[in-house]
Amino acid sequence: MPELPEVETVCRGLAPVMVGARFVRVEQRRADLRFPFPERFVERLEGRRLVTLTRRAKYLVGEVEGGERLLMHLGMSGRFTVAPDVPAPAVAAGKLGDFHHETGLGATHDHVVFHMARDATRDARGQGATTTTITYNDPRRFGFMVLIAEAEFTMHKMIAGLGVEPLSNAFDAVFLAKAAAGRTSDLKAFLLDQRVIAGLGNIYVSEALFRAGLSPHRLSGSLADRRGRPTLRAERLVIAIRDVLTDAIAAGGSTLRDYAHTDGSLGYFQHAFKVYDREGAPCPRTGCCGTIRRSVQAGRSTYACGGCQR
DNA sequence: CGCATCCCCTGCCTGC
DNA sequence: TGCAGGCAGGGGATGC
């Protein structure tokens, strides 16, 4: 699934077509994804304008006119696709069938469709507003959409416990050391904990640890000295996390299986992976003769070089 | 509190 | 060729 860079890329793809536009029609094609949809989900969106769309951790957060926030998560396989509305005659003529020409995906797992329109937009002949179709496709259905009242948003259980944004100024070595001090968990589990750093996932944790030259199996408490001050490792790790996320966003994220941009194009940061999914490959670090090894931590694959990651 | 384990679900790849 | 098993970017619930 999308980690922070992928969700950020999706957010940047959706914002231009969704922000300021109105939900003209919403299709909710099943009762639940990971969780049941909110009560009257469709009715609470239709007719309302989307005021803002931002990312928090791996969530998309939309501010809906009328005092509610639309919280969306892509799970492992969620994908948004933006396309101009298909003219009714083409559908009626059966020219499209169960297939998206933009993405090559079957429509079987299209669970939600937003039809958006801008009030002031008219086509060349002035015949009504131009609408855009935004389709949410999610084969595994680990994603979800929730509507939360504005006043309750920051206290909501999915938001309240989230840690620091790793690309914000609040994320630095002092913060990291304080959070890690005394912890006995291993470094990988620590970095995956969304209550500490919000947005890292399995790929970018492995990649950041490689860049920092740190073993994923190292004690997370070793990011702090006895007084809770940051060690040099913490300094290196902060830089590595920032850099890998920044590079990945610049590359439009990583495409492994399901992920794509909202226009159907693909991210290409997967070509820049140094360790992730590279078991058995020689370590790419200059001067290191090690080999990339796969291990399992908390039931999930970890990739690291045993030679230069200590 | 922290931590491991299992679960949710579908699709794809591997090996027999 | 078919089929079983393992694995996949997520997080939540549970039990210790």
Side-chain angles (χ1 to χ4, degrees), chain A residues 1-11 29-37 55-60 71-80 103-111 136-146 156-163 166 179-209 216-217 219-221 244-245 248-249 251-261 266-273 275-280 294-303:
Chain A
M1 121 39 150
E3 301 181 34
L4 187 155
E6 291 75 35
V7 180
E8 179 64 28
T9 304
V10 169
C11 188
R29 296 183 176 167
R30 49 179 299 129
D32 55 57
L33 293 172
R34 163 141 201 178
F35 308 118
F37 278 90
R55 177 192 60 74
R56 171 74 170 111
K58 300 171 193 170
Y59 295 92
L60 291 168
L71 185 67
M72 301 182 283
H73 197 289
L74 305 176
M76 291 279 264
S77 57
R79 176 195 281 209
F80 278 102
T103 64
L105 278 182
T108 310
H109 302 296
D110 288 354
H111 305 306
Y136 180 71
N137 181 287
D138 189 355
R140 295 177 71 180
R141 304 202 301 275
F142 288 171
F144 54 85
M145 297 189 186
V146 179
H156 191 272
K157 61 178 178 181
M158 288 169 180
I159 294 297
L162 289 175
R183 290 228 195 183
T184 56
S185 58
D186 57 44
L187 206 39
K188 188 193 184 195
F190 174 72
L191 296 179
L192 278 177
D193 188 342
Q194 302 296 299
R195 296 167 299 181
V196 180
I197 305 172
L200 290 183
N202 210 37
I203 292 178
Y204 296 105
V205 164
S206 277
E207 292 296 315
L209 286 169
H217 302 281
L219 207 62
S220 52
V244 77
L245 294 176
I249 290 170
S254 305
T255 298
L256 294 175
R257 283 161 284 274
D258 303 307
Y259 170 74
H261 296 178
L266 307 177
Y268 53 89
F269 190 73
Q270 67 278 9
H271 303 302
F273 289 169
V275 293
Y276 185 81
D277 202 21
R278 293 180 51 81
E279 183 180 19
R294 173 181 177 272
S295 59
V296 176
Q297 291 174 284
R300 314 186 67 187
S301 293
T302 302
Y303 299 89

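Sequence lines set the chain letters: A, B, ... in the order given, protein chains first and strands last, and positions in each chain run from 1.
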Open item on the list: Reading 5' to 3' and counting Watson-Crick or G-U wobble pairs with both distances under 3.5 Å, write the dot-bracket notation for DNA chain C, | for bases paired outside the strand.
Closed with: .|||||||.|||||||
Protein and nucleotides 10-13 of chain B: nitrogen or oxygen contacts under 3.5 angstrom:
| from | atom 1 | to | atom 2 | distance (Å) |
| --- | --- | --- | --- | --- |
| B/dT10 | OP1 | A/R141 | NH1 | 3.4 |
| B/dT10 | O4' | A/P139 | O | 3.4 |
| B/dT10 | O3' | A/H109 | NE2 | 3.2 |
| B/dG11 | OP1 | A/H109 | NE2 | 2.8 |

- [ ] Could you pull out all residues at least two apart from A/Y268 that satisfy ring pair (Phe, Tyr, Trp, His ring centres under 6.0 Å)?
- [x] none
Task: Rounded distance (Å) that lies between atom P of B/dG2 and atom NZ of A/K188 - done: 19 Å
Open item on the list: Nearest whole Å is fine: how far is C/dA8 P from A/D277 CG?
Closed with: 8 Å
Open item on the list: Going by side-chain hydrogen bond (donor to acceptor under 3.5 Å, both in side chains), name the residues that satisfy it together with A/S206, two or more places apart in sequence or in a different chain.
Closed with: none
Task: Side-chain N or O of A/S77 closer than 4.0 Å to phosphate OP1/OP2 of B/dC9 - done: no
Task: Those residues that, when tested against A/Q297, pass side-chain hydrogen bond (donor to acceptor under 3.5 Å, both in side chains) (two or more places apart) - done: A/D186, A/H217, A/T302
TODO: Among the candidates C/dG9, C/dC7, C/dG10, find the nucleotide nearest to the side-chain atoms of A/R294.
DONE: C/dC7
- [ ] Not counting sequence neighbours, which residues clear side-chain hydrogen bond (donor to acceptor under 3.5 Å, both in side chains) with A/Y204? List them please.
- [x] A/E6, A/S254
TODO: Looking only at side-chain atoms of A/R195, point me to the closest of C/dG9, B/dC3, B/dG2.
DONE: B/dG2
- [ ] Run the numbers on A/V275 and A/F273 for side chain to side chain contact (heavy atoms under 4.5 Å, CB included), then give the verdict.
- [x] CA-CA 6 Å; A/V275 293; A/F273 289 169; over 6 Å; no
Open item on the list: Under the rule for side-chain hydrogen bond (donor to acceptor under 3.5 Å, both in side chains), what residues qualify as partners of A/R55, not counting sequence neighbours?
Closed with: A/E8, A/E165
TODO: Return the stacking result for B/dC9 and A/F142: yes when the ring centres lie under 5.5 Å apart and the planes under 30°, no otherwise.
DONE: no
- [ ] Would you please name every residue forming a side-chain contact (heavy atoms from CB on, under 4.5 Å) with A/D277, sequence neighbours left out?
- [x] A/Y303
- [ ] Starting from the 5' end of DNA chain B, give me the residue, A/G299 or A/R183, whose nearest nucleotide shows up first.
- [x] A/R183
Open item on the list: Taking A/Y276's backbone N and O only, do any of them form a donor-acceptor pair with A/E207's side chain (distance below 3.5 Å, no angle check)?
Closed with: yes
Task: Residue A/T184, side-chain atoms from C-beta onward, closest of B/dG2, C/dG10, C/dA8 - done: B/dG2
Open item on the list: Is there a side-chain contact between A/Y276 and the phosphate of C/dG9, meaning an N or O under 4.0 Å from OP1 or OP2?
Closed with: yes
Open item on the list: Using atom P in both nucleotides, what's the gap between C/dG11 and B/dG11 to the nearest angstrom?
Closed with: 22 Å
Task: Which residues share a salt bridge (Lys or Arg N to Asp or Glu O under 4.0 Å) with A/R195, sequence neighbours left out - done: A/D193
Task: Rounded distance in Å - CE (A/M76) to C1' (B/dC8) - done: 11 Å
Open item on the list: Using the C1' atom as the point on both nucleotides, what is the distance between B/dC6 and C/dG6, in whole Å?
Closed with: 16 Å
Task: With sequence neighbours excluded, residues passing ring pair (Phe, Tyr, Trp, His ring centres under 6.0 Å) with A/F142 - done: none
Task: Annotated protein contacts, base or backbone, on nucleotides 11-16 of chain C with a non-hydrogen cut-off under 4.0 Å, one of B, S, - each - done: BS----
TODO: Answer with yes or no whether the side chains of A/R294 and A/S301 bring together a donor and an acceptor at under 3.5 Å.
DONE: yes
TODO: Considering only atom C1', compute the distance from B/dC3 to C/dG9 and round it to an integer number of Å.
DONE: 22 Å
Open item on the list: According to side-chain contact (heavy atoms from CB on, under 4.5 Å), who are the partners of A/L33, at least two apart in sequence or on a separate chain?
Closed with: A/R30, A/F37, A/H111, A/Y136, A/R141
